[in-house]
Structure formats: C-alpha cells, structure tokens
Amino acid sequence: MHHLKTFLLSTAVALAGAAALAGGAEAASPPLPSSPQVINIIDVGGQLALNQKAIEAYQKSHPNLVSRFTYTKATAPELPGKLKAEQDAGRVDIDVVLSGTDAISAGIEQGLWIKLLPDFSDKFPGLEQSYSTGALTMFKPTGGYAITTVYTPSGPLLEYAPERVKVPPKNTDELLAWCKAHPNRFYYARPTNSGPGRTFLQGLPYLLGDSNPMDPIKGWDKTWAYLKELNGCIEYYPSGTGVTMKELGEGSRDIIASTAGWDINPRAIGTVPENAKVQLLMGPKGFTWVSDAQYMAIPKGVSKDHIAVVLDLIAFMMKPEQQAVTYDDGYFYPGPAIKGVPVSLAPKASQDLLKQFGRPEYDKLMAQYPIVAPLFGKDLIAAFHKWDEEIGGSKIK
C-alpha cells in the first residue's frame with residue numbers, strides 16, 4: 001500500500017508538471033547563491049563604454065553576490081566559435097555576453113544562448129511595457145534569448161572634415177560621384193564588426209528604394225550594385241569602426257560612414273576634431289533611420305549560481321537610474337532603452353559633455369524621419385556573408 005501511494009503521488013506530481021508545461025508555465029529564476037561569485041563578462045560590441053559603471057555599481061551594492069567582475073573584449077565574428085568550443089568541451093568560462101545584433105544573431109542561429117524570456121520573466125516584470133517603441137522593436141526579434149539594454153536610432157550618416165570637404169555629398173548619387181572623384185578618401189568599416197558599417201549597409205536598401213529592404217538576398221539588387229560600384233574607389237575596409245575615426249582625425253580619410261553616437265563620442269575623447277561635421281545620407285526615397293541596440297545574453301552551460309546573479313544584474317541595469325548612465329559620453333546616443341529616462345537624469349558629466357559635443361538637431365531629426373529595425377538572425381548573417389563574398393572580403397584589413 002505504501003508503494004502504491006508513493007507511485008500515485010509521484011504520478012500526480014508528474015502529470016501536474018506536464019500540465020503546467022503544456023499550459024505555458026514560466027520557469028522561476030534559480031535562487032541567488034549564498035556566497036559571492038566571480039562573474040566573467042565578454043564584450044564584443046563596445047557596450048562596456050556604456051554600461052561598465054552600472055555593472056560596477058551592482059557589485060558595490062551587492063557584495064554578497066559578486067566578489068568581482070572580470071572583463072574580456074573580442075570581436076563579434078570570433079565569439080560564436082569561441083563559445084561553441086567551450087560548450088562542446090563542457091566548460092563554459094563566459095557568464096554573460098555584451099553584444100550588438102551581430103553576435104546575438106549568430107548565437108541565436110547556432111543555439112548558443114539560454115532563453116531568458118518568458119523563462120525567467122519573474123526577474124523582468126513589465127519589461128516590454130517599459131521599453132521605448134524603438135527599443136521594443138529591437139527586443140522582439142531576439143525571441144527572448146537576449147535583453148535589449150541600450151538603444152539608438154543610429155544612422156546612416158556621413159561624417160567629414162569640413163576643412164577638406166567644402167561641399168559634402170548629400171545623397172547616394174553625390175557620394176558615389178564624390179568617391180570616384182576623390183579615390184581612397186571615403187570608406188566604411190566591415191559591416192560584420194562595425195555599427196556604422198552595418199547601419200550604412202542596411203540603410204541603403206531604404207535610401208535606394210530596393211524591392212524588399214528586409215531580404216538581402218532577393219530584395220537588394222540596387223544596394224549590391226551600388227556597393228560594387230562604390231568599391232572601386234575604396235582602398236580597403238577596416239575590421240572595426242575605431243580605425244575609421246582615427247584615420248578621419250589624422251587626415252588619411254576625408255569622409256567616413258558614421259552614426260549619431262560614433263559622431264559624438266570620438267570628438268569628445270579627441271580622436272576626431274571637434275569641428276567635424278555630419279550629413280544625413282539621403283536617397284531618391286528620402287531618409288530612413290536604421291536603429292541599433294546592445295544586448296546582454298547568457299551562454300548555455302553557465303552554472304545556476306552564475307545564471308541567478310547575471311539575471312539579477314540585468315534586472316538592476318534596466319532600472320531608470322542605471323539606464324540614465326547609458327547616456328555616458330554619447331557613444332550610443334541617446335542610449336536608454338526604457339521610457340521616461342530624460343538626459344536630465346544622466347550624470348552631470350554626461351550632461352555637460354552632450355552640451356558641448358552633442359548636436360541639438362539630432363533629437364529633431366530622429367523625430368522627423370522614419371525609424372526602422374535592422375535585419376536580425378539569419379537575414380543579417382546572410383547580408384554579412386554576401387558582403388564578405390561579393391563586395392569587400394578581399395580588401396579587409
């Protein structure tokens with residue numbers, strides 16, 4: 001009789017669990033650990049420039065959970081292979097990934113991330129309702145595998161040296177003509193590892209009026225033809241955005257592809273002269289902002305204790321006071337992903353910097369022109385592969 005009761009009880013529990021799963025019940029977050037943990041962070045999108053202060057603030061306010069954070073930086077293209085090797089070996093040393101759409105997309109395609117939502121929605125109550133409209137459009141394509149932490153309408157913009165470019169090109173036709181007349185004086189970074197590079201790439205289908213801006217293989221005929229022609233007057237493609245800013249500042253290039261944040265920050269830190277100018281890149285179809293975002297994701301294979309701490313960290317970073325920190329030095333302007341975080345909440349140093357190096361017209365232009373989400377997942381990866389194979393792969397440095 002005892003064994004029968006045990007069997008019936010266990011069967012009832014199992015059936016109840018199955019019913020709960022069938023009903024879409026959400027898993028609860030693992031309990032927080034009883035001792036401080038060392039949390040390893042890898043940044044492949046430059047997000048530490050925006051969020052490291054908030055991360056450190058978490059450690060200071062939660063010494064019982066985090067003894068220290070370690071930081072590693074890498075490029076987005078190399079991360080998936082590194083993570084896959086660690087997962088295959090059964091030893092994952094990376095607890096949380098900071099990335100843009102590039103590595104997040106690759107990780108989703110390769111099954112590298114644990115699902116955060118709705119699985120751990122107890123840690124993020126009302127998250128979607130708190131997102132700004134633009135940030136929400138950047139979150140939805142992740143399928144819950146990453147949390148959008150930072151947001152910008154981005155670009156595409158042209159940044160130029162006014163003392164060397166008296167009459168800047170204002171649209172795609174003028175840019176192509178200018179590039180041909182001034183070979184090797186314009187370029188953009190490899191899109192796979194550059195926010196401005198991929199914003200330039202994904203903005204062209206809207207500017208040129210391609211048949212389907214969301215289908216890089218079948219719907220970008222005008223874009224690929226334009227990029228092939230533009231390729232003829234470009235010397236090489238840097239592997240990251242920082243090089244383009246450095247060469248613009250040094251005078252090796254006169255015009256580069258840029259974004260709002262990449263315009264503000266390098267001038268603030270002195271890489272690019274303060275007097276550098278920007279121009280919206282217009283097209284026959286007008287102008288369209290292609291937004292960008294930064295994310296946090298947790299790789300499969302991370303221990304439950306570390307998952308618990310990282311989930312708590314991400315929730316902490318989504319609070320308004322920590323979101324205000326993302327105004328930072330203008331690197332991802334404006335920065336906050338949630339509503340109700342005006343620049344007046346930002347640290348005074350950020351407010352002062354934006355007064356000096358920000359451009360008042362940005363807020364007006366971001367309200368004036370349409371903002372669209374970029375490619376994500378397999379479509380973004382397909383665009384990167386096609387660019388590497390048919391446009392600039394042989395000229396990357």
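Hydrogens, waters and symmetry mates are skipped; everything else that's a heavy atom, side chains included, is used. Count residues from 1 along the sequence.
The salt bridge (Lys or Arg N to Asp or Glu O under 4.0 Å) test applied to Glu247 returns Arg253, not counting sequence neighbours. Listed by chain and number, the residues in a salt bridge (Lys or Arg N to Asp or Glu O under 4.0 Å) with Asp328 are Lys53 (sequence neighbours excluded). In this structure, the salt bridge (Lys or Arg N to Asp or Glu O under 4.0 Å) partners of Asp388, at least two apart in sequence or on a different chain, are Arg190. With sequence neighbours excluded, no residue satisfies side-chain hydrogen bond (donor to acceptor under 3.5 Å, both in side chains) with Tyr151. Annotation: salt bridge (Lys or Arg N to Asp or Glu O under 4.0 Å) contacts of Glu274 (sequence neighbours excluded): none.
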Walk me through whether Tyr237 and Tyr187 qualify under ring-ring contact (aromatic ring centres under 6.0 Å, His included). CA-CA 7 Å; Tyr237 299 95; Tyr187 72 169; 7.9 Å; no
Under the criterion ring-ring contact (aromatic ring centres under 6.0 Å, His included), I'd like the reasoning laid out for Tyr226 against Trp220: C-alpha separation, chi angles, the key distance, then a yes or no. CA-CA 10 Å; Tyr226 181 87; Trp220 284 20; over 10 Å; no
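Applying the salt bridge (Lys or Arg N to Asp or Glu O under 4.0 Å) definition to pairs two or more places apart or across chains, those involving residues 94-116 are Asp102-Arg198. Each disulfide (SG to SG under 2.5 Å) pair with one or both residues in residues 141-197, not counting sequence neighbours, appears once here: Cys179-Cys233. Screening residues 126-144 for salt bridge (Lys or Arg N to Asp or Glu O under 4.0 Å), with sequence neighbours left out, gives no hits. Residue pairs satisfying the salt bridge (Lys or Arg N to Asp or Glu O under 4.0 Å) criterion with at least one member in residues 219-232, sequence neighbours excluded, are listed as follows: Lys180-Glu229, Lys228-Glu390.
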Would you tabulate the side-chain donor-acceptor contacts of residues 65-74 under 3.5 Å, counting partners in other chains and residues two or more places apart, or write 'none'?
{"unit_1": "Ser67", "atom_1": "OG", "unit_2": "Gln37", "atom_2": "O", "d": "3.3"}
{"unit_1": "Thr70", "atom_1": "OG1", "unit_2": "Asn40", "atom_2": "OD1", "d": "2.5"}
{"unit_1": "Tyr71", "atom_1": "OH", "unit_2": "Glu56", "atom_2": "OE2", "d": "2.3"}

Quiz: residues 363-373 side-chain donor-acceptor pairs under 3.5 angstrom, not counting sequence neighbours:
{"unit_1": "Asp363", "atom_1": "OD1", "unit_2": "Tyr333", "atom_2": "OH", "d": "2.9"}
{"unit_1": "Asp363", "atom_1": "OD2", "unit_2": "Tyr333", "atom_2": "OH", "d": "3.2"}

Let me check something: any side-chain donor-acceptor pairs from residues 309-324 under 3.5 Å, sequence neighbours excluded? List them with distances.
{"unit_1": "Asp312", "atom_1": "OD1", "unit_2": "Lys123", "atom_2": "NZ", "d": "2.7"}
{"unit_1": "Asp312", "atom_1": "OD2", "unit_2": "Tyr58", "atom_2": "OH", "d": "2.7"}
{"unit_1": "Gln323", "atom_1": "OE1", "unit_2": "Ala337", "atom_2": "N", "d": "2.6"}
{"unit_1": "Gln323", "atom_1": "OE1", "unit_2": "Ile338", "atom_2": "N", "d": "3.4"}
{"unit_1": "Gln323", "atom_1": "NE2", "unit_2": "Thr149", "atom_2": "O", "d": "3.0"}
{"unit_1": "Gln323", "atom_1": "NE2", "unit_2": "Met317", "atom_2": "O", "d": "3.1"}

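Between the side chains of Gln47 and Asp43, no donor-acceptor pair of N or O atoms lies under 3.5 Å.
In summary, Lys82 and Glu78 do not engage in a salt bridge, as defined by a charged side-chain N under 4.0 Å from a carboxylate O.
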